[in-house]
K.L.:
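Before I ask anything, let me first share the structure, which is written out below as structure tokens.
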Amino acid sequence: MEREAAAPAGAPFGIAEVTGVSMVPTLLHGDRLFVRYGGRVRVGDVVVLRHPLQQDLLIVKRLVGRRDTGWWVLGDNPAAEGDSRVFGAVPPELVLGRVVVRYRPLTPGRQRSAGVVLGWLFSVVRLVRSAPSARSASRRLRAR
């Protein structure tokens, strides 16, 4: 799942917050996402989309294949539910944008050692890249 920060309507970019564990290890609960809305998406991209059964809910998933009826999306955590294995293919108009960067906020007010702060600085911002093996993962799921 994902919670979107307030952004002007029609803005090409926005910030979102991850809630839940469906995209672990790529995204963790509490991560913030920099999202490019309205851009071209392709297999392997991590995207923000409207849940097909509850369209007021935004979710974050990986595009693993294109079907006649839309996109097949999966979370990176195979133990988590709430993807195309449950609701099927997602119509293209529900895919809102591609996740470009994730960053992890440092919780204010907590005492931390210098090592913890340096570790956070090293991992705070990462590009979210397409997964080259997303297509093969989709084939494995269809074969089961």
K.L.:
Ion pair present between Arg62 and Asp45, side-chain N to carboxylate O less than 4.0 angstrom?
P.N.:
no

K.L.:
Once side-chain contact (heavy atoms from CB on, under 4.5 Å) is applied, do any residues pair with Gln55, and if so which ones, sequence neighbours excluded?
P.N.:
Arg50, Leu94

K.L.:
Please give me the minimum heavy-atom distance between Ser22 and Ala80, naming the atom from each residue.
P.N.:
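Closest pair (atom of Ser22, atom of Ala80, distance): CA-CB, 3.6 Å.
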
K.L.:
So, using ring pair (Phe, Tyr, Trp, His ring centres under 6.0 Å) as the criterion, who are the partners of His29 when residues are at least two apart?
P.N.:
none

K.L.:
Calculate, to the nearest 0.5 Å, the distance between atoms OH and CZ belonging to Tyr103 and Phe34 respectively.
P.N.:
9.5 Å

K.L.:
Do Arg42 and Leu63 touch side chain to side chain, with heavy atoms closer than 4.5 Å?
P.N.:
no

K.L.:
Please report the shortest heavy-atom distance between Pro52 and Phe87, naming the atom on each side.
P.N.:
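Nearest pair, atom of Pro52 first, then Phe87: CG-CD1, 3.4 Å.
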
K.L.:
For Asp31, which residues count as a side chain to side chain donor-acceptor pair (under 3.5 Å) partner, sequence neighbours excluded?
P.N.:
Arg104

K.L.:
Working to the nearest 0.5 Å, report the span between NE2 of His51 and CG of Asp83.
P.N.:
9.0 Å

K.L.:
Answer yes or no for Arg66 and Trp72: cation-pi contact, defined as NZ/CZ to six-membered ring centre under 6.0 Å and angle to ring axis within 45°.
P.N.:
no

K.L.:
Can Val99 and Val48 be said to form a side chain to side chain contact (heavy atoms under 4.5 Å, CB included), step by step?
P.N.:
CA-CA 7 Å; Val99 175; Val48 174; 4.1 Å; yes

K.L.:
Quick one: does Leu49's side chain get under 4.5 Å of Lys61's, heavy atoms only?
P.N.:
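Side chain of Leu49 against side chain of Lys61, heavy atoms only: contact under 4.5 Å found.
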
K.L.:
Specify the closest pair of heavy atoms between Met23 and Gly75, including all atoms of both residues, with the distance to one decimal.
P.N.:
SD-CA, 3.6 Å

K.L.:
I'd like to know if the side chain of Arg32 and the backbone of Gly30 have a donor-acceptor N/O pair within less than 3.5 Å.
P.N.:
yes

K.L.:
Kindly give the heavy-atom pair with the smallest separation between Ala89 and Pro91, and that separation in Å.
P.N.:
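Reported closest heavy-atom pair: O-CD, 3.8 Å.
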
K.L.:
Which is it for Leu74 and Asp76 under the side chain to side chain contact (heavy atoms under 4.5 Å, CB included) test, yes or no, and what are the steps along the way?
P.N.:
CA-CA 6 Å; Leu74 294 176; Asp76 285 357; over 6 Å; no

K.L.:
With heavy-atom distances below 4.5 Å as the criterion, would you say the side chains of Val35 and Val100 are in contact?
P.N.:
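Of all side-chain heavy-atom pairs linking Val100 with Val35, none is under 4.5 Å.
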
K.L.:
Taking atom CD of Glu93 as the centre, report whether more than 12 heavy atoms of other residues, nucleotides or ligands fall under 6.0 Å from it.
P.N.:
yes

K.L.:
Run the side chain to side chain contact (heavy atoms under 4.5 Å, CB included) test on Leu33 and Glu17 for me, step by step, so that the C-alpha distance in whole Å, both residues' side-chain angles and the decisive distance to 0.1 Å come before the verdict.
P.N.:
CA-CA 6 Å; Leu33 307 174; Glu17 179 182 352; over 6 Å; no

K.L.:
Checking the side chain of Asn77 only, and the main-chain atoms of Val21 only, is there a donor and an acceptor separated by less than 3.5 Å?
P.N.:
yes

